[in-house]
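Here the structure is laid out as structure tokens; the discussion comes afterwards.
Below, read A as the first sequence line, B as the second, and so on, with proteins coming before strands; counting in each chain starts at 1. Just so you know, these numbers use all the heavy atoms, side chains as well, and skip hydrogens, waters and symmetry mates.
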Amino acid sequence: MINIQLPDGGVKNFDGSVSVLEVAKGISPGLAKAAIFAVVDGVERDLNYVIDHDANLKLLTDKDEAALAVIRHSTAHLLAQAVKQLYPAAQVTIGPVIENGFYYDFSFERPFTLDDLAKIEKKMEALVNLNLPVERKELPRNEAIKYFDQIGEKYKVEIISAIPEDQIISLYTQGDFTDLCRGPHVPSTSKLKAFKLTKLAGAYWRGDSNNEMLQRIYGTAWRSKEELNNYLNMLEEAEKRDHRKLGRQLDLFHLQDEAPGMVFWHAKGWAIWQEVEQYIRKMYVKYGYQEVKTPQIVDRSLWEKSGHWEKFHEDMFSLESDGRHYAIKPMNCPCHVQIFKHGLTSYRDLPIRMAEFGSCHRNEASGALHGLMRVRNFVQDDAHIFCMDEQIQSEVMLFIDMLFEVYHKFDLGADGIAVKLSTRPAKRIGAEEVWDKAEQALTDALNAKGLKWELLPGEGAFYGPKIEFEVKDCIGRSWTTGSIQLDFSMPERLGAEYIASDGSRQVPVMLHRAICGSLERFIAILIEHHMGNFPFWLAPIQFVLLNISEKQAGYTEVVYNKLKNFGFRCKLDLSNEKINYKIRENTLEKIPYLLIIGDKEVEANQVTVRQRDGLDLGAMSVDELINHVANVIQ
RNA sequence: GCCGGCGUAGCUCAGCAGGUAGAGCAGCUGACUUGUAAUCAGAAGGUCGAGGGUUCAAUUCCUUUCGCCGGCACCA
């Protein structure tokens with residue numbers, strides 16, 4: 001007798017072993033039909049998993065969010081099956097679930113084409129219509145290796161060979177196709193009814209650029225056609241926020257062939273930049289930073305001392321002049337250490353927080369460049385904190401406060417920010433106890449601030465652990481903006497010291513930190529986050545003045561000058577167009593306030609205010625308008 | 001850097017099985033003097049990313065190269 005406990009508290013009894021599907025049928029035929037997979041005693045199982053003991057059972061259908069991962073995984077198998085049928089010479093490798101979908105990597109004699117993709121998708125649909133049952137079987141590891149060796153799947157053999165010998169390997173078969181997989185899977189290919197192959201790409205085997213490049217096919221899969229369409233529409237909408245697109249439409253900046261990865265900032269983009277920079281500068285004052293400025297080009301010997309030349313010279317732009325070798329700085333830290341070293345520093349002076357809007361050049365790999373997100377010349381809101389060991393945690397906490405104050409100011413919500421702690425890598429310098437202390441300090445600071453964070457073991461730099469703050473762009477790619485990084489190496493290498501309370505000379509700890517990361521990247525994030533509708537204080541143009549006919553041109557200009565003298569960024573549109581046209585054009589420019597002036601306004605010494613979202617605030621005097629925006633800014 | 005795709009007017013894009021290109025919008029000129037998301041008309045605008053090759057003829061085919069896009073790798 002087997003008792004099966006259901007989530008609603010009910011219990012089903014069976015005389016002997018029973019499959020999940022049979023249990024489902026016992027509950028209701030509808031449930032059995034809709035079921036995708038099950039959780040038995042906390043473990044995900046297929047529907048034909050046989051329960052032979054008392055157990056808790058939860059059935060999941062396509063109504064459950066959790067079904068998505070299973071559907072996606074099964075769709076990846078479906079893709080592989082289709083590829084094998086169409087191109088038997090292709091070798092299968094891995095096909096995991098990712099956010100919103102899946103991919104599968106194949107080794108094939110030639111790259112797949114878009115035509116292939118269409119064919120493969122058709123084949124997948126045909127396989128769905130065949131309603132192929134998906135069946136699990138288990139083999140001892142060595143037999144699994146033998147099996148894949150026999151069918152010539154050498155990548156699978158390699159994968160299984162890395163699994164301990166005593167393990168049982170599970171395989172899933174649908175029709176003529178068998179794949180190595182942990183499962184669970186949908187019971188039949190007919191459950192896969194909303195998928196689309198989205199892109200082709202190259203990808204290195206095992207993620208290592210020394211290895212062969214495989215053909216990766218990406219796809220998305222959902223529980224219903226409706227869900228799929230919603231996703232595709234969402235993607236289409238999201239692409240409209242792309243900062244590269246908006247940068248052109250709003251005339252903020254451009255990039256051109258002659259200066260790859262370097263930005264030409266137009267007046268409107270630069271207005272945003274100035275606001276951001278000035279705001280960050282205010283924060284420096286508030287949080288006790290000193291601002292400095294250091295040279296753009298520095299003799300190579302400094303980079304040799306700092307170790308950058310050895311490790312990164314391929315990414316550095318260098319030049320020769322009058323027989324001397326120079327490098328354009330790829331970072332500011334060695335220069336800041338030079339300022340720190342000037343004169344004697346007492347422990348009483350610590351912490352010293354030294355900030356610079358430092359323009360850096362890095363010769364990034366051509367394939368890495370991406371709009372403003374990844375450029376070759378960028379300005380970091382960089383700062384280095386020189387402090388004593390015992391000050392690390394409080395400095396990190398202060399930095400976190402500052403970071404969130406800044407992000408809040410720009411309307412970047414904390415829930416959109418991923419916090420990651422990267423700890424000691426295999427290759428590293430510094431004593432274990434120093435790493436212990438440093439990692440503990442970072443962990444404690446994160447926890448003290450009540451942040452949700454993710455641990456990335458082994459991802460730290462060789463010279464210290466770090467915390468990174470990541471935000472996503474319009475289509476979900478993650479970019480690091482803020483970071484704070486401990487450095488046990490550079491102060492010593494470059495001979496930075498302070499006089500301790502006992503009169504001895506000590507090497508300070510150095511924290512590298514940035515909030516925006518680079519102003520370029522940060523502004524790109526702002527553009528996408530606000531969809532170009534910048535808050536009033538950031539908007540490149542804050543007011544546009546529109547006269548209805550030539551008659552009001554004089555008065556319109558007076559108001560324009562008045563607002564300009566108050567320091568607002570204004571545009572005067574006296575163009576000889578209908579007011580409808582002018583409203584449309586300036587609304588598309590995403591100017592926060594459109595001030596409309598006709599005879600009525602001239603007479604009453606007012607302006608009629610229309611917001612860019614179409615809301616009509618009615619007529620008011622200029623003073624009232626200024627009051628209004630002051631309230632908006634707070 | 002690697003794999004694939006792309007590069008035509010300021011922008012968005014069409015075209016060409018090889019016979020030196022076309023639209024809309026913007027810009028320019030003119031008319032209209034306008035009340036809350038596109039007034040009408042006219043003229044103009046391009047060494048089809050760059051170099052080389054094949055050909056009587058190349059924007060179209062081949063090749064090299066640069067840049068961009070999507071991934072991968074990288075991201076101190």
Side-chain angles (χ1 to χ4, degrees), chain A residues 103 105 108 110-114 116-117 198-218 239 242 244-245 248-249 251 254-261 303 306-308 310-312 314-316 330-334 360 362-371 373-375 378 380 459-464 466 468 475 477 479-480 483 485 487 489-490 512 517-518 521 546-553 575-589 594-601 608-616 618-619:
Chain A
Y103 66 76
D105 286 347
F108 194 39
R110 64 167 176 86
F112 291 121
T113 64
L114 285 175
D116 294 329
L117 207 63
T198 50
K199 50 196 175 196
L200 288 165
Y204 299 108
W205 166 236
R206 304 217 138 156
D208 184 337
S209 58
N210 296 315
N211 288 343
E212 175 198 356
M213 185 155 261
L214 306 170
Q215 304 297 320
R216 176 170 297 181
I217 298 176
Y218 283 93
E239 278 165 19
D242 191 308
R244 293 164 298 185
K245 204 172 212 165
R248 195 182 311 116
Q249 280 167 11
D251 193 21
H254 85 269
L255 294 132
Q256 69 184 48
D257 292 4
E258 288 82 354
W303 305 108
S306 71
H308 291 111
E310 191 199 344
K311 278 194 97 75
F312 304 111
E314 280 186 2
D315 290 336
M316 290 168 69
M331 51 189 32
N332 310 295
C333 18
C360 297
R362 296 181 194 177
N363 198 3
E364 300 282 3
S366 55
L369 301 180
H370 186 98
M373 297 289 189
R374 188 88 178 265
V375 285
F378 53 97
Q380 295 177 311
E459 293 290 309
F462 72 94
Y463 53 76
K466 62 181 172 185
E468 289 185 305
I475 64 163
R477 288 176 285 228
W479 300 93
T480 299
S483 70
Q485 179 148 13
D487 191 336
S489 161
M490 199 176 304
H512 307 252
S518 81
R521 179 176 291 180
L546 314 173
N547 59 331
I548 288 182
S549 76
E550 222 170 284
K551 269 189 293 178
Q552 305 94 25
S575 62
N576 195 7
E577 297 287 349
K578 280 188 165 174
I579 195 67
N580 299 33
Y581 179 84
K582 298 215 266 193
I583 285 171
R584 178 184 156 80
E585 291 301 295
N586 289 291
T587 303
L588 290 174
E589 252 190 77
L594 287 67
L595 309 181
I596 295 151
I597 293 169
D599 286 338
K600 281 188 298 196
E601 287 77 11
T608 291
V609 183
R610 181 187 159 113
Q611 292 185 169
R612 66 186 153 202
D613 62 5
L615 185 68
D616 185 358

Protein heavy-atom contacts under 4.0 Å, written 5' to 3' over nucleotides 66-73 of chain B as B (base), S (sugar-phosphate only) or - (none), form the string -SSSBBBB
Starting at the 5' end of RNA chain B, write a dot or bracket for each base, bracketing those in Watson-Crick or G-U wobble pairs whose two distances are under 3.5 Å and using | for partners on another strand. (((((((..((((.....[..))))..((((.......))))......(((((..]....))))))))))))....
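- Taking atom C1' on both nucleotides, B:A26 is separated from B:A44 by 13 Å, rounded to a whole Å.
- Residue-level contact check: A:Y463 touches the backbone only, with heavy atoms under 4.0 Å from sugar-phosphate atoms and none from bases.
- Distance check on atom P: B:A57 versus B:G18 gives 15 Å, rounded to whole Å.
- Taking the P atom of each, B:C6 and B:G10 are spaced 23 Å apart, rounded to whole Å.
- Between A:N363 atom CG and A:E314 atom CD the span is 9.5 Å, to the nearest 0.5 Å.
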Find every protein N or O atom lying less than 3.5 Å from an N or O atom of nucleotides 8-17 of chain B, and list the pairs.
unit_1	atom_1	unit_2	atom_2	d
B:U12	OP1	A:R248	NH1	2.7

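- Side-chain N/O atoms of A:R612 and base N/O atoms of B:A37 include no donor-acceptor pair closer than 3.5 Å.
- Taking atom C1' in both B:C2 and B:A58, the straight-line distance is 31 Å, to the nearest Å.
- Remark: A:Y103 engages A:Y218 in a ring-ring contact (aromatic ring centres under 6.0 Å, His included) (not counting sequence neighbours).
- Using a 4.0 Å heavy-atom cutoff across all strands shown, A:I548 reaches at least one base atom of the nucleic acid.
- For the C1' atoms, the distance linking B:U20 with B:U47 amounts to 9 Å, nearest Å.
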Please step through side-chain contact (heavy atoms from CB on, under 4.5 Å) for the pair A:K582 and A:N547, ending with a clear verdict. CA-CA 9 Å; A:K582 298 215 266 193; A:N547 59 331; 2.6 Å; yes
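- Results of the side chain to side chain contact (heavy atoms under 4.5 Å, CB included) test with A:M331 over A:R362, A:M316, A:H512 single out A:R362 as the only residue that passes.
- Heavy atoms of A:E589 sit nowhere under 4.0 angstrom from any nucleic acid atom.
- In terms of heavy atoms, A:D616 sits closest to A:V609 at OD1-O, 3.3 Å.
- Remark: A:F378 CZ to A:S518 OG distance equals 6.5 Å, nearest 0.5 Å.
- Interatomic distance, A:F108 CZ to A:I217 CD1, rounded to the nearest 0.5 Å: 10.0 Å.
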N/O-N/O pairs, protein side and nucleotides 39-44 of chain B side, under 3.5 Å:
none

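- Within the 4.0 angstrom heavy-atom criterion, no nucleotide atom of any strand lies near A:K582.
- Here A:Y581 pairs with nothing under the ring-ring contact (aromatic ring centres under 6.0 Å, His included) rule; sequence neighbours left out.
- Taking the C1' atom of each, B:C11 and B:G46 are spaced 14 Å apart, rounded to whole Å.
- Separation of the C1' atoms belonging to B:U8 and B:U12 is 12 Å when rounded to the nearest angstrom.
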